Structures are given as structure tokens and as C-alpha cells.
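Counting begins at 1 with the first residue of the sequence. Note that these values count all heavy atoms, side chains included, but never hydrogens, waters or copies made by symmetry. Nothing here was measured: the structure is a model prediction, and the numbers come from that model.
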Amino acid sequence: MIKLNILDIHNIDSDIIYIVGINGVCFLFLVDHKMKYLRGSMKNIESILKDKNFIRINYHVIINSKFYVRNHMEGTKEIVMRNGTVLKVSRRKWINFR
């Protein structure tokens, strides 16, 4: 895993599928199946990426909408990303995926 500076996120934003934030550490899952991490809040990352195709789907996850494929199953608030990952969407954000 490679550590990034929060400002370096602009250089790889088109390769990010989704970002998971836990306890001040954000893990970036990339198209090439690599993972990078950086220290910073999800709020800071969300503000940096606000003009791009990124959507915050719950408290811990921001996705790149270019890699959103479909809703997982009827009756669940989950989406499927292009790499096959299934992610939960909060009930307030679910309206974006109906």
C-alpha cells in the first residue's frame, strides 16, 4: 500500500473507484486493483473532489460515479461498482440511485 499526500489526489482522481474513510485514514481503491491511503477527513476529500464525478453514499464511503454499474438487488440499499464491489447506500442518499 502506498501513502499519498491529500493534495496528490488530483493526480489520480480518474483512477479512483471508491474511497473508504475510517478513523482519519482514507483508503483509495483504484482501477488497477491497487490500494493507496492518506491521512485526512472524508469531509476534506469530499470538498477536494466536489467538482468531479464523486458522490458520498454514506458516512464512510465516497464513490466515483463513472464506475457505478447498477443497484444490487431489489429491496436492498446497495450498489455494485465496476470492479464487483457491493457498497451500502444510506437511506438519505438512496434517492440518487432509484
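At distances below 3.5 Å, at least one donor-acceptor pair connects side-chain atoms of H60 with backbone N or O atoms of G21. A donor-acceptor pair under 3.5 Å links the side-chain atoms of N71 to the main chain of F97, judged by distance alone. Side-chain atoms of R91 do not come within 3.5 Å of backbone N or O of K77 as any donor-acceptor pair. A donor-acceptor pair is defined here as one N or O able to donate and one able to accept, closer than 3.5 Å; no such pair exists between the side chain of N5 and the backbone of D8. With hydrogens and angles disregarded, no donor-acceptor distance shorter than 3.5 Å links the side chain of S65 to the backbone of F54.
Using a 4.5 Å heavy-atom threshold, the side chains of I79 and W94 count as touching. Side chains of I48 and I6 form a contact here, defined as non-hydrogen atoms less than 4.5 Å apart. In this structure the side chain of V89 never reaches within 4.5 angstrom of the side chain of N96, judged on heavy atoms. The shortest side-chain heavy-atom distance between V25 and N23 does not fall under the 4.5 Å cut-off. Counting heavy atoms from C-beta outward, K93 and I55 have side chains that stay 4.5 Å or more apart.
Counting all heavy atoms, side chain and backbone alike, C26 lies closest to G40 at SG-O, 3.3 Å. Of all non-hydrogen atoms in Y37 and L28, the two that sit nearest each other are CA-CD1, 4.5 Å. Residue R56 comes nearest to E46 through the heavy atom pair NH1-OE1, 3.2 Å, listed as atom of the first residue, atom of the second, then distance. Smallest separation of non-hydrogen atoms from L87 and V61: CD1-CG1, 4.0 Å. Y59 and M42 make their closest contact through O-CG, 4.3 Å (heavy atoms, listed as atom of the first residue, atom of the second, distance).
If you take CE on M1 and CE on M35, they are separated by 4.5 Å, rounding to the nearest 0.5 Å. Atom-to-atom distance recorded for S90:OG and I95:CD1 is 11.0 Å, nearest 0.5 angstrom. Here the CD1 atom belonging to I16 is positioned 10.0 Å from the NZ atom belonging to K66, to the nearest 0.5 angstrom. Taken from CZ in F27 to CG in L38, the straight-line distance is 9.5 Å, to the nearest 0.5 Å. For the atom pair CG (D32) and CD1 (I17), the distance works out to 8.5 Å, reported to the nearest 0.5 Å. Taken to the nearest 0.5 Å, the CD1 atom of I19 stands 9.5 Å off from the CG atom of D13.
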Intermediate values then yes/no, side chain to side chain contact (heavy atoms under 4.5 Å, CB included), I62 and I57: CA-CA 6 Å; I62 298 172; I57 63 167; over 6 Å; no
Going through the distances and angles, do F67 and V31 end up as a side chain to side chain contact (heavy atoms under 4.5 Å, CB included)? CA-CA 9 Å; F67 297 105; V31 174; 3.4 Å; yes
Give the C-alpha distance, both sets of side-chain angles, the deciding distance and a yes or no for side chain to side chain contact (heavy atoms under 4.5 Å, CB included) between V20 and F29. CA-CA 8 Å; V20 177; F29 294 84; 3.8 Å; yes
Test side chain to side chain contact (heavy atoms under 4.5 Å, CB included) on L49 and I9 and set out the steps. CA-CA 9 Å; L49 298 173; I9 203 165; 4.0 Å; yes
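Applying the 6.0 Å contact sphere to NZ of K34 captures no more than 12 heavy atoms from other residues, nucleotides or ligands.
Under the side chain to side chain contact (heavy atoms under 4.5 Å, CB included) rule, M81 has a single partner from V86, N64, I63, V69, which is I63.
Cluster annotation: Y18 and I22 are assigned to the same hydrophobic cluster (Ile/Leu/Val/Met/Phe/Trp/Tyr, side-chain heavy-atom contacts under 4.5 Å, transitive).
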